[in-house]
Amino acid sequence: MRPNVDITHQLNGRVKEYADANDLDVDAAYTEVIEAGVDELEDDN
């Protein structure tokens with residue numbers, strides 16, 4: 001599942017690879033990636 005935002009095929013492929021490498025489905029991988037990104041943004045402030 002791809003979120004309803006403009007994500008390049010390359011970035012989507014990286015998330016799929018992350019999912020495969022970590023035994024996750026793509027939805028769970030997107031959730032982890034987005035949460036990690038938000039955490040990083042909050043840490044920068």
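Nothing fancy with the numbering, it's 1 onward along the sequence.
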Quick one: CG on Leu11 to NZ on Lys16, what's the gap to the nearest 0.5 Å?
->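 So the CG of Leu11 and the NZ of Lys16 are separated by 11.5 Å.
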Tell me, please, which residues at least two apart from Glu32 pass side-chain hydrogen bond (donor to acceptor under 3.5 Å, both in side chains).
->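 So Glu32 forms a side-chain hydrogen bond (donor to acceptor under 3.5 Å, both in side chains) with Tyr18.
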Where Ala29 and Leu24 come nearest, the two heavy atoms and their spacing |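 In this case the closest contact between Ala29 and Leu24 is CA-CD1, 4.1 Å.
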Would you find more than 12 non-hydrogen atoms of other residues, nucleotides or ligands less than 6.0 Å from Asp23 atom CG?
->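 Not buried by this count: 12 neighbours or fewer within 6.0 Å.
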Can you tell if the side chain of Asp25 reaches within under 4.5 Å of the side chain of Tyr30, non-hydrogen atoms only?
->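 The answer is no; the side chains never approach within 4.5 Å.
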